Amino acid sequence: MLANDTAEVRIYGEMASSKWWGDEVTPKEFAEELDKVKDAKTLNVYIDTPGGDVFAGFAMRSELVKHKASEKNVYITGLCASAGTLPMCMPKEVNVQMYKGSMMMIHYPSTWAYGTASEITKRVQTLESITESVLDIYKTRTGLDIQTLKDYMEAESYFTAEQAVELGFANAVVEEEAQAVGMHADVAQMLGYKHVPKELLYTDDDGVNITNNAETKTNGGVKTMTLEELRAQEPQLCEQLIAEGVKNENARLQALDEVYAPDSGDLVMQAKYGEQRMTAADLCVQLNKAQKEKMAADKANAAAMGTAHIENRAKETEVIQNVGQSNDEKTGDNQGIEMLIGALNKKGVNNNAENSRKFI
């Protein structure tokens with residue numbers, strides 16, 4: 001935006017080195033926005049970000065430092081946390097102002113580590129170098145000693161606008177109220193923030209908890225707002241929450257695709273898109289339950305078939321079982337044969353006695 005040689009650029013959203021869900025702010029697109037207003041004499045930068053990639057923060061700060069505007073102003077309109085404080089902490093000649101009700105947060109940079117001892121050691125060394133760079137930027141901006149800054153970072157410290165001015169991070173407080181300040185709980189967890197004040201967390205339990213918005217509804221002492229209200233008042237935040245929901249849903253569907261479920265297509269589709277959608281763990285439980293029920297049914301069917309087979313064999317051999325025996329040792333065999341032939345004839349066997357004798 002450029003008018004009367006004054007330009008405005010914004011860092012609204014999570015800072016990242018590349019796009020994942022579409023709502024991140026990357027150094028590339030930020031540099032492109034600055035290039036559009038490269039001839040501006042006054043540059044106003046508006047920041048509302050939960051932070052993100054520290055290298056993205058370094059890069060955006062560098063783009064602001066090298067911009068040729070003779071006057072640069074930074075305005076914190078909501079929350080400025082973690083890597084977001086890097087473009088905020090410009091050289092002391094840059095005017096930094098925080099809207100009343102806005103906040104900033106500083107903490108030690110963090111990362112994950114996996115691999116051999118030497119690989120993890122290298123990761124630690126890199127992290128220590130990043131921390132030193134961040135400390136140098138903070139010290140240059142505020143004039144605070146390194147140990148004081150380390151103590152604040154160790155504690156994951158949140159500062160009000162007034163406190164930020166007192167410490168030297170900002171020059172002044174803008175009396176105009178800041179937009180609703182905070183971050184979604186899932187974002188805080190994803191970024192590894194451990195000490196976020198409860199009043200700064202948005203939750204999905206009873207709506208969106210925005211404690212510093214006087215116009216929100218009250219539900220059991222917790223201030224909430226509808227999705228329509230959120231979209232109207234905080235479109236940027238709303239988009240972030242929607243993007244986070246899309247991210248979680250995609251992860252759920254991907255996990256379901258990893259479940260081995262042969263011959264269970266209907267159950268998988270129900271888990272994915274049914275009225276009561278399931279996680280991969282829920283689907284596994286249902287598959288196990290269905291398998292147990294099938295095994296029980298198969299066992300019952302096998303038992304029923306066995307019983308029926310025995311009954312049928314009993315009926316088939318009933319003729320033989322009913323043949324009497326002779327007590328006369330000399331004539332017993334012949335009498336038994338005669339009785340069997342008679343019984344078979346009664347059952348409809350088409351043979352005369354003589355042929356039957358020869359066959360037997």
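As the structure is a prediction and not an experimental result, all values here were calculated from the model. In what follows, every heavy atom counts, from backbone to side chain, and hydrogens, waters and symmetry copies are set aside.
Inter-residue side-chain proximity for F159 and L167 is flagged as met; some heavy-atom pair is nearer than 4.5 Å. In this structure, the side chains of L43 and L34 come closer than 4.5 Å at one or more pairs of heavy atoms. Between P91 and T140 there is no side-chain heavy-atom pair separated by less than 4.5 Å. For the pair S18 and K28, the minimum side-chain heavy-atom distance is 4.5 Å or more. Contact check for V25 versus E14: no side-chain heavy atoms found under the 4.5 Å cut-off. Between V165 and M98 the shortest side-chain heavy-atom distance does not fall below 4.5 Å. Residues T6 and N44 are in side-chain contact: their nearest non-hydrogen atoms beyond the backbone lie under 4.5 Å apart. Side-chain contact between K150 and Q147: present, with at least one pair of heavy atoms (C-beta onward) separated by less than 4.5 Å.
Separation of atoms CG (D39) and NE2 (H67) is listed at 8.0 Å; rounding is to 0.5 Å. Here the CG atom belonging to L127 is positioned 13.0 Å from the CD1 atom belonging to I120, to the nearest 0.5 angstrom. The distance from atom NZ of K100 to atom OG1 of T160, rounded to the nearest 0.5 Å, is 9.0 Å. The CG atom of D48 sits 8.5 Å away from the CD1 atom of I76 when rounded to the nearest 0.5 Å. With values rounded to the nearest 0.5 angstrom, E24 atom CD is found 8.5 Å from E29 atom CD. Between the CD atom in Q97 and the CG atom in N171 there is a gap of 7.0 Å [rounded to 0.5 Å].
Annotation for P87 and G57: closest pair CD-O, 3.9 Å, computed over non-hydrogen atoms. Nearest heavy atoms, M60 versus P27: CE-N, 3.7 Å. Of all heavy-atom pairs between S102 and G78, the closest is CB-O, 3.0 Å. Taking both residues in full, the closest heavy atoms of P50 and L79 are given as CA-CD2, 4.4 Å, listed atom of the first, atom of the second, then distance. Residues C89 and R61 approach most closely at O-NE, 3.0 Å, considering heavy atoms. Closest non-hydrogen pair, K72 versus V65, comes out as NZ-O, 2.9 Å.
With respect to E32 and K36, no salt bridge is recorded, no charged nitrogen being found less than 4.0 Å from a carboxylate O. Using a cut-off of 4.0 Å between Lys/Arg side-chain N and Asp/Glu carboxylate O, R10 and E33 are scored as not salt-bridged.
In terms of modelled atom types and a separation under 3.5 Å, the side chain of S70 and the main chain of K41 share a donor-acceptor contact. Checking side-chain atoms of T116 against main-chain N and O of E119 turns up a donor-acceptor pair under 3.5 Å. The backbone N or O of A117 sits less than 3.5 Å from a side-chain atom of T121, completing a donor-acceptor pair. At least one donor-acceptor pair closer than 3.5 Å links the side chain of N301 to the backbone N or O of A297. The main-chain N or O of A303 is found under 3.5 Å from a side-chain atom of T307 such that the two form a donor-acceptor pair.
Residue pairs meeting the side-chain hydrogen bond (donor to acceptor under 3.5 Å, both in side chains) criterion with at least one partner in residues 123-137, sequence neighbours excluded, are T111-R123. For residues 38-65, the pairs satisfying ring pair (Phe, Tyr, Trp, His ring centres under 6.0 Å) are Y46-Y75, with sequence neighbours left out. Residue pairs meeting the ring pair (Phe, Tyr, Trp, His ring centres under 6.0 Å) criterion with at least one member in residues 24-45, sequence neighbours excluded, do not occur.
In the hydrophobic cluster analysis, where Ile, Leu, Val, Met, Phe, Trp and Tyr join through side-chain heavy atoms closer than 4.5 angstrom, V173 is grouped apart from V96. I137 and M15 fall within a single hydrophobic cluster, where Ile, Leu, Val, Met, Phe, Trp and Tyr are joined by side-chain heavy atoms under 4.5 Å apart, directly or via other members.
Heavy atoms from other residues, nucleotides or ligands lying under 6.0 Å from NZ of K92 number more than 12. Environment of CD in E166: sparse, with no more than 12 heavy atoms of neighbouring residues, nucleotides or ligands closer than 6.0 Å.
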If you apply the rule side-chain contact (heavy atoms from CB on, under 4.5 Å), what do you find for V74 with N95, and how did you get there?
CA-CA 6 Å; V74 175; N95 182 38; over 6 Å; no
For M88 and M104, run side-chain contact (heavy atoms from CB on, under 4.5 Å): C-alpha distance rounded to whole Å, both residues' side-chain angles, the deciding distance at 0.1 Å, then the answer.
CA-CA 10 Å; M88 170 188 173; M104 67 170 292; 3.5 Å; yes
Apply side-chain contact (heavy atoms from CB on, under 4.5 Å) to K139 and L144, showing your working.
CA-CA 5 Å; K139 184 178 186 301; L144 296 172; over 6 Å; no
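Side-chain atoms of S82 and H107 form a donor-acceptor pair, as typed in the model, at a separation below 3.5 Å. Inspection of the Y158 and E156 side chains reveals an N or O donor paired with an N or O acceptor under 3.5 Å.
A distance below 6.0 Å separates the ring centres of F169 and Y138.
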